[in-house]
Amino acid sequence: MSRARTSRARTGRSAGARAAAGEGAATAHAGDALPGEDFLDGFEQVLADAAPTGRRLTRDEIESRRALGARAAQAGHGWRSLVRAHLVAGRDNWLRAADPDSVLAVIEQAVDAFADGYERAQRLVVRKEEAARREFIDDLLNGRGDQGQLVARSERFGLRLSRAHAVAVAEGPEKYDETDPVPRQVAADLFARFENRRILFGEQPQLDGRGTRR
C-alpha cells in the first residue's frame, strides 16, 4: 500500500509538472502573439486582386497600407512582429494558381507601403519628443515655468529635480540639430562614459555663458 501511494504521488507530481510546463509554454506563446488583424485590414483582398497578374498596387491600395502602418506605429507595435504578421497572412492566403513571383511581388509592395507609413509616423513621434526635450531643457536653463510643473515634466525624462545635478553646456562653431553627427557622437560618448547615470541630452540654440539665448 505504501509503495502504491508513493507511485501515485510521483505520477501526480509528474503530471502536475507537465501541466505547469504546458501552461508556461502557452503563456510564452501568448506573449509572443502577433498584432491584431486591424493592421492587416484589406491585405487579403489586395492579394486576391493583384496576385493573379502581379500588377502594381493602385494608389488607394498603397495609401491604405500606409495609413495602417502609421496606426501600427502610433499603437507602439514592434516592426518585427508586424512583418511576421504580413508573412503569416501572405502564407495563409497564398493563391495556389498564381505565379509565386507575382504573389511575392504583391506582398513586397504591400509591406513596403506599410513600412513607409510606419516610418513616417515614427519620425513624427521622435520629432515631437525632441521638441519637448529641448523646451524642457530651455526652461530649466532659463529658470522659466512653475516649479511644480517642471518637476512633473522632469519625471517624463527620468530625472528627479530634488537631487543634485551637474549641468554642462558646450558650444560649437555652428548651430546643430539632432540629425547632425557631432551632437550624436557627443551623446554616444556621454552615455558610454556615464552609463549608470541619468542623462538628459539635447541640442539648443546658441547660448551665452549664463545659459540664456543670444
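Keep in mind that the numbers below use all heavy atoms, side chains included, and drop hydrogens, waters and symmetry copies. Since the structure is predicted, the reported quantities are computational estimates derived from the model, not experimental observations.
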CZ-CG distance between F43 and L68, expressed to the nearest 0.5 angstrom = 11.0 Å
Option passing ring-ring contact (aromatic ring centres under 6.0 Å, His included) with H86 (candidates F114, Y118, W79) | F114
Check whether W94 and L57 end up in the same hydrophobic cluster, where Ile, Leu, Val, Met, Phe, Trp and Tyr are linked by side-chain heavy atoms less than 4.5 Å apart.
-> yes
Minimum heavy-atom distance A98-P52, with the two atoms named | CB-CA, 4.2 Å
Joint cluster assignment, L95 & L40, ILVMFWY side-chain distance < 4.5 Å | no
Which of these, V106, I107, D101, sits in a side-chain contact (heavy atoms from CB on, under 4.5 Å) with V103?
-> I107
Between CG on residue N93 and CD on residue Q45, distance to nearest 0.5 Å | 10.0 Å
Could you walk me through whether E61 and T58 pass the side-chain contact (heavy atoms from CB on, under 4.5 Å) check?
-> CA-CA 5 Å; E61 289 169 340; T58 65; 3.1 Å; yes
Would you say E63 has more than 12 foreign heavy atoms packed within less than 6.0 Å of its CD?
-> yes
Using 4.0 Å as the upper bound for N to carboxylate O, is an ion pair formed by R153 and D139?
-> yes
Pair D138 + R134, salt bridge at N-O below 4.0 Å = no
Value rounded to 0.5 Å, distance of CG in D49 from CG in L47 | 9.5 Å
Write down the atom of A73, the atom of A121, and the distance for their closest heavy-atom approach.
-> CB-CB, 3.8 Å
Give a yes or no on whether R56 atom CZ has more than 12 heavy-atom contacts from other residues, nucleotides or ligands under 6.0 Å away.
-> no
Beyond-backbone contact of D38 with R71, side-chain heavy atoms, under 4.5 angstrom | yes
Between atom CG of D116 and atom CZ of R66, what is the distance when rounded to the nearest 0.5 Å?
-> 4.5 Å
Evaluate side-chain contact (heavy atoms from CB on, under 4.5 Å) for R65 paired with D112, printing each intermediate quantity in order.
-> CA-CA 9 Å; R65 298 298 99 202; D112 187 60; over 6 Å; no
